[in-house]
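This report refers to the structure that appears directly beneath it.
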2 protein chains.
Amino acid sequence: MATIHDVATRAGVSRSTVSRFISGRGYVSPDARARITAAIEEIGFVPNAMARGLKTRRSSLIALLVPEIVNSFYTTILRGVEDVANRHGFQVIVGNTDETGAKERAYVELMIASQVAGVIVAAVGGTAASLEPLLQKRVPTVLIDRAIDGFEADIVKGDNVDGMAELARHLLSLGHRQIALVNGDLATAVAREREAGYRRALAEAEVAVDDALISSGDWFIDDAERRTSALLASGRPFTAILAANNFMAIGALRALRQRGLRVPEEIALACFDDIEQAAEIEPFLTVMAQPAYTMGTLAMQMLLERMGGHERGGRREIVLASHLVIRRSSGARDARPVQSGAVGNGRIAAAELVANGDDGSPSAEDVAVVALASVERGKEVSAFGTVTSIAKDAAPNRSVEGAARDAAATPRGDE
Amino acid sequence: MATIHDVATRAGVSRSTVSRFISGRGYVSPDARARITAAIEEIGFVPNAMARGLKTRRSSLIALLVPEIVNSFYTTILRGVEDVANRHGFQVIVGNTDETGAKERAYVELMIASQVAGVIVAAVGGTAASLEPLLQKRVPTVLIDRAIDGFEADIVKGDNVDGMAELARHLLSLGHRQIALVNGDLATAVAREREAGYRRALAEAEVAVDDALISSGDWFIDDAERRTSALLASGRPFTAILAANNFMAIGALRALRQRGLRVPEEIALACFDDIEQAAEIEPFLTVMAQPAYTMGTLAMQMLLERMGGHERGGRREIVLASHLVIRRSSGARDARPVQSGAVGNGRIAAAELVANGDDGSPSAEDVAVVALASVERGKEVSAFGTVTSIAKDAAPNRSVEGAARDAAATPRGDE
DNA sequence: GCTCCTTGTGGGAACGATTCCACAGCACAG
DNA sequence: CTGTGCTGTGGAATCGTTCCCACAAGGAGC
């Protein structure tokens with residue numbers, strides 16, 4: 001394998017000169033420059049990233065840890081992360097933690113050993129224990145989707161409470177009063193927040209919560225199926241099921257099919273997180289869709305700022321609104337996809353902003369990026385809420401401009 | 001960051017001793033052993049993979065290059081690759097080449113610079129140009145799904161000709177005589193093979209092929225939609241569409257919906273490759289399902305053998321049978337999922353083997369692994385065809401035993 | 001008593017880049 | 001004529017491991 005030394009001798013200069021040429025810092029005469037270029041071309045030299053990384057303590061690797069790689073929600077996040085990372089010369093390693101703390105821990109150790117430049121993690125949940133080495137070794141880290149108590153890091157997440165509340169309101173508006181909740185693992189903040197949203201919507205509608213209709217366990221399809229079967233077998237009456245994510249919905253659907261129950265005629269069903277491809281093939285599942293791609297881009301953007309040392313402040317938190325997509329499974333009369341409008345505290349859904357983009361208003365991505373730059377310590381901000389005012393007031397700085405440019409160059413979005 | 005030197009001084013031994021302890025070769029007294037363990041624990045030492053890789057010219061990174069990360073076919077392959085890789089202490093980097101040669105080329109260069117231990121690639125197609133550096137630098141490489149002319153490497157692929165022929169036969173058996181083919185990029189072998197299968201089935205049934213009903217372009221959803229629209233607009237009559245993969249089917253479906261055409265009542269539809277999650281939610285699309293997970297495990301297995309130098313022979317090729325899953329979109333009367341039985345030359349479908357596993361017959365994975373070990377140069381072998389006889393005759397060697405053990409420990413399969 | 005083997009350990013040279021420092025040549029100011 | 005600053009280059013140390021080699025202590029065999 002060709003080394004920088006080979007290039008140097010062939011070009012008749014020293015290793016230092018070649019190194020300066022490659023890195024672009026320091027003086028290199030046009031003459032030497034030409035000879036080095038030729039030499040590199042001739043022997044097909046590719047610098048050894050190991051040697052470089054060893055010396056510089058930098059690498060171009062970004063690690064993304066996800067709990068379930070086959071879930072398209074995480075794949076879409078990966079696309080977002082990857083697109084931004086690649087544009088900045090970074091590559092993405094994906095680790096599938098399979099919802100197990102031990103695997104997560106192993107990956108974290110490996111990432112540290114590999115000297116990754118940064119880590120984005122949708123954590124398995126529960127304790128911060130498996131992520132702790134990241135803090136200890138000061139590896140730039142951004143959380144995505146799932147908050148971890150006691151782990152001080154930037155985070156991009158969905159508005160789980162409001163999202164689930166809106167989803168529940170949808171079912172309530174269709175007349176359902178006994179709504180079962182097939183939740184995920186309560187060790188994850190996501191599950192707790194979604195349950196809170198469910199409770200809030202029911203309380204607002206003055207519907208009593210029946211705790212026997214709330215089921216939690218882990219985030220796997222099989223478990224959701226088992227628990228749904230148990231709910232059905234319990235004899236407790238309910239007319240609708242709210243699943244805490246798309247995989248839980250698949251599990252619930254399995255259990256319902258096994259009993260021959262038709263959806264939505266006999267039991268209505270809705271869930272958090274979309275499965276875009278499934279919806280394309282057959283628009284069936286009513287979902288609260290999260291802007292997964294944008295979540296990925298924003299997380300990577302935050303990570304870049306941390307890695308570059310541009311951002312040294314405290315923990316930042318971006319909360320993104322999701323939007324309701326009504327399809328058949330909830331039994332709504334008008335089962336065409338609807339983009340939710342302003343909901344709750346004047347929030348504007350991502351889809352709307354994108355749709356309105358042609359009239360000069362900012363795209364969802366621009367907006368989120370601007371909001372990102374304006375997030376202050378400890379202050380929770382909805383990127384799709386406080387948008388326009390922030391965009392106008394925020395003094396544009398380098399990282400914001402860069403991100404906006406990136407966003408503009410991005411060919412595809414979330415949906 | 002703690003180094004091996006810190007550990008050594010703390011434990012009162014030399015770097016060499018610590019190194020021997022970590023790598024597990026060479027003598028280390030129980031006494032030193034205990035002190036080193038304690039020291040590592042105390043200072044939270046994680047060996048620097050860069051330094052190690054620089055010295056050993058080895059890394060624990062496996063690169064997987066896929067053309068479209070959001071397609072669950074490739075995600076499932078990734079799961080297979082990852083599971084086997086992790087079990088052998090390797091990590092997987094995923095690169096999304098987006099069906100573009102330039103991106104593929106860039107990833108290949110990066111992988112070489114990163115000193116990856118091996119590469120598995122579902123190539124963008126056309127020429128071998130972008131992969132050529134892998135050959136030049138002698139990086140162990142295995143192709144998956146897509147063969148590349150002139151690129152001499154092990155490959156795991158589906159039986160595209162037979163698979164597509166069977167899919168066409170299914171439509172023919174339902175009475176369709178004018179069947180449109182929405183193919184992918186003819187620069188990829190996959191597309192050419194699938195077209196060949198389509199032609200073969202029609203020829204066997206003595207149905208004339210109407211070339212105007214065959215459309216090819218690239219592998220993107222949008223293009224398939226455009227081309228399907230064009231076919232519909234052409235006025236050429238057809239009663240069914242065969243899509244070359246799941247994404248093409250989504251594109252076709254979009255075009256059909258736009259024209260208000262019902263599937264399967266007005267036009268029947270079937271495609272190659274399943275989308276498991278979509279099918280779970282609503283069993284709609286009739287597909288020729290490939291054993292994606294197994295493809296991943298086998299590719300990784302072959303790669304391990306190349307990396308370890310156990311295998312030095314010529315190019316090996318494993319061809320896996322796919323199986324027909326009949327759902328609603330093809331308009332078959334009995335629209336329940338069926339596992340195809342023996343088809344053509346005595347081939348046994350993967351699903352059947354797995355289903356029959358309890359009676360002592362080998363699992364699909366065992367079988368494929370055994371077949372793998374027996375593949376001879378230039379000889380095309382269907383892992384699910386010649387199975388039992390090979391299993392009996394093949395002298396078990398180390399790599400086969402190891403792979404079989406791995407297969408047994410694998411918790412989940414393809415479907 | 002010498003050699004040989006085993007067990008156990010440490011020294012030091014790599015691996016292939018980066019980067020600090022020194023220095024050569026040259027122009028120009030004081 | 002000396003000092004200073006600039007351009008352009010090379011030398012050499014360094015990053016954190018691995019691994020070859022040397023060597024020490026102790027026992028066995030001749």
Side-chain angles (χ1 to χ4, degrees), chain A residues 1-37 39-40 43-61 89 109-117 137 139, chain B residues 1-37 39-40 43-61 89 109-117 137 139:
Chain A
M1 200 82 97
T3 75
I4 201 171
H5 183 254
D6 302 331
V7 176
T9 51
R10 193 178 196 97
V13 296
S14 75
R15 299 194 309 283
S16 317
T17 308
V18 178
S19 177
R20 278 197 305 276
F21 170 77
I22 292 171
S23 66
R25 348 171 201 284
Y27 305 108
V28 181
S29 66
D31 184 46
R33 209 171 277 271
R35 292 208 310 279
I36 292 169
T37 315
I40 287 176
I43 63 180
F45 169 71
V46 179
N48 182 323
M50 294 273 169
R52 176 178 283 173
L54 175 60
K55 180 64 186 172
T56 62
R57 322 179 136 284
R58 271 178 275 120
S59 87
S60 65
L61 254 36
E109 301 242 311
L110 196 112
M111 296 320 174
I112 290 172
S114 303
Q115 311 283 107
V116 295
K137 306 276 179 186
V139 178
Chain B
M1 200 81 98
T3 75
I4 202 171
H5 183 254
D6 301 332
V7 175
T9 50
R10 193 177 197 98
V13 294
S14 75
R15 297 191 318 284
S16 317
T17 307
V18 177
S19 177
R20 279 196 304 276
F21 170 76
I22 292 170
S23 65
R25 4 173 187 278
Y27 304 108
V28 181
S29 67
D31 184 46
R33 210 171 276 271
R35 292 208 310 278
I36 293 169
T37 315
I40 287 175
I43 62 182
F45 169 71
V46 179
N48 182 324
M50 294 271 170
R52 174 178 286 173
L54 175 60
K55 181 65 188 170
T56 61
R57 323 179 135 283
R58 271 178 275 120
S59 86
S60 65
L61 253 36
E109 301 242 312
L110 196 112
M111 296 320 174
I112 290 171
S114 303
Q115 309 284 106
V116 294
K137 306 275 178 188
V139 179

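These values consider heavy atoms only, across backbone and side chains, with no hydrogens, waters or symmetry-generated copies. The sequence lines fix the lettering, A, B, ..., with proteins before strands; numbering per chain opens at 1.
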Distance-only donor-acceptor test, Arg15(B) side-chain atoms vs dG12(C) base atoms, 3.5 Å: yes
His5(A) NE2 - dG16(C) C1' separation (whole Å): 11 Å
Closest approach of Ser59(A) to Ser114(A) (non-hydrogen atoms, all atoms of both residues): OG-O, 4.4 Å
Sugar-phosphate, base or nothing in reach of Phe45(A), heavy atoms under 4.0 Å: sugar-phosphate
Atom of Met50(B), atom of Gly53(A) and distance for their closest heavy-atom approach: SD-CA, 3.6 Å
Side chains of Val139(A) and Met111(A) in contact at under 4.5 Å (non-hydrogen atoms): no
Minimum-distance pair of heavy atoms, taken over all atoms of Arg35(B) and Ala11(B): NE-O, 2.8 Å
Phosphate OP1/OP2 of dG8(C) contacted by Tyr27(B) side-chain N/O (<4.0 Å): no
Side-chain N or O of Thr17(A) closer than 4.0 Å to phosphate OP1/OP2 of dG10(D): yes
Member of Val18(A), Ile40(A), Ile43(A) meeting the side chain to side chain contact (heavy atoms under 4.5 Å, CB included) criterion with Asp6(A): Ile43(A)
Value in whole Å for how far the P atom of dG16(C) lies from CD of Gln115(B): 8 Å
Listed nucleotide nearest any side-chain atom of Ser14(B), set dG10(C), dG16(D), dG16(C): dG10(C)
Integer-rounded Å distance: dG16(C) C1' and Met50(B) CE: 13 Å
Whole-Å gap separating C1' (dG8(D)) and CZ (Arg35(A)): 12 Å
Residue-phosphate contact under 4.0 Å: Arg52(A) side-chain N/O, dT18(C) OP1/OP2: yes
Length of the NZ-P vector between Lys55(A) and dG16(D), whole Å: 9 Å
Per-nucleotide protein contact string for nucleotides 23-28 of chain D, where B marks a base within reach and S marks sugar-phosphate only (heavy atoms under 4.0 Å, - for neither): ------
Nucleotide of dT9(D), dG16(D), dT9(C) approaching Thr3(B) most closely (side-chain heavy atoms): dG16(D)
Presence of donor-acceptor pair under 3.5 Å, side chain of Ser16(B) and base of dG11(C): yes
Side chain Lys137(A), main chain Gly44(B), donor-acceptor under 3.5 Å: yes
Closest approach of Thr3(A) to Phe45(A) (non-hydrogen atoms, all atoms of both residues): C-CE1, 3.5 Å
Side chain proximity check, Ile22(B) to Val7(B), heavy atoms < 4.5 angstrom: no
Stepwise side chain to side chain contact (heavy atoms under 4.5 Å, CB included) check, Thr17(B) with Val28(B): CA-CA 7 Å; Thr17(B) 307; Val28(B) 181; 4.2 Å; yes
Arg20(A) CZ to dT18(C) C1', straight-line distance once rounded to whole Å: 11 Å
Overall bend - the helix from dG1(C)-dC30(D) to dG30(C)-dC1(D), comparing terminal axes fitted on five pairs, nearest 10 degrees: 70°
Contact under 4.0 Å: Ser29(A) side-chain N or O vs dT9(D) OP1/OP2: yes
Contact nearer the 5' end of DNA chain C, comparing Ala51(B) with Ala32(B): Ala32(B)
Spacing between Leu54(A) atom CG and dA13(D) atom P, to the nearest angstrom: 17 Å
Length of the CD1-P vector between Ile4(A) and dC15(C), whole Å: 15 Å
Closest approach of Tyr27(B) to Arg20(B) (non-hydrogen atoms, all atoms of both residues): O-NE, 3.2 Å
Phosphate-side-chain proximity, Thr56(A) and dT18(C), N/O vs OP1/OP2 below 4.0 Å: no
Closest-nucleotide ordering on DNA chain C, the 5'-leading residue of Asn48(A) and Pro30(B): Pro30(B)
